[in-house]
Amino acid sequence: GTSYVTFAWDSTVAEAQIVAVQPDLVQIRIGPCATALAELDVSWVVTSRPLDGACLTEVASFQWRDMPRWILRRESS
């Protein structure tokens, strides 16, 4: 079967929170500048809302399904 993973970018959480929203959907709530992402070599963030973070630089934005999206480069500290 197919499963989906979504990220809920949240700078207020101290540690990653992983929740099975439904049997085929997993949500990861984590800060976009969390060190755990550097360990996984995450370099890019795509989001449906503007994000602030010392590690983030906006690279582009686009419309998808009539909604704005932002592409951000994530720098590891």
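On a predicted model such as this, the values are computed, not experimentally measured, just so you know.
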Checklist entry - Could you go step by step and tell me if Val59 and Leu72 meet the side-chain contact (heavy atoms from CB on, under 4.5 Å) rule? => result CA-CA 5 Å; Val59 175; Leu72 303 126; 5.9 Å; no
Item to check | Audit row: Val26, Val21, side-chain contact (heavy atoms from CB on, under 4.5 Å) steps and yes/no | outcome: CA-CA 6 Å; Val26 175; Val21 178; over 6 Å; no
Item to check | From CA spacing to verdict: side-chain contact (heavy atoms from CB on, under 4.5 Å), Ser48, Met67 | outcome: CA-CA 7 Å; Ser48 59; Met67 297 291 294; over 6 Å; no
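Listed by first and then second residue, the side chain to side chain donor-acceptor pair (under 3.5 Å) pairs that reach into residues 61-71 come to none, sequence neighbours excluded. Each salt bridge (Lys or Arg N to Asp or Glu O under 4.0 Å) pair with one or both residues in residues 38-55, not counting sequence neighbours, would appear here, but there are none. Screening residues 6-34 for side chain to side chain donor-acceptor pair (under 3.5 Å), with sequence neighbours left out, gives Asp10-Thr12, Asp10-Arg29, Gln22-Asp24.
For the atom pair CZ of Phe7 and OG1 of Thr47, the computed distance is 12.0 Å after rounding to the nearest 0.5 Å. Here the CD atom belonging to Glu75 is positioned 8.0 Å from the OG atom belonging to Ser43, to the nearest 0.5 angstrom. Remark: Leu56 CG to Cys33 SG distance equals 4.0 Å, nearest 0.5 Å.
For the residue pair Arg74 and Ala38, the shortest heavy atom distance occurs at NH2-N, 3.7 Å. Summarising the geometry of Ile30 relative to Ala36, their closest heavy-atom pair is CD1-CB, 4.3 Å, with the distance given to 0.1 Å.
Hydrophobic clustering of Ile, Leu, Val, Met, Phe, Trp and Tyr side chains at less than 4.5 Å, counting indirect connections, unites Val45 with Leu40. At a threshold of 4.5 Å between side-chain heavy atoms, the hydrophobic network of Ile, Leu, Val, Met, Phe, Trp and Tyr places Val46 and Trp44 in one connected group.
Counting heavy-atom neighbours within 6.0 Å of Tyr4 OH, excluding the residue itself, gives a total of 12 or less.
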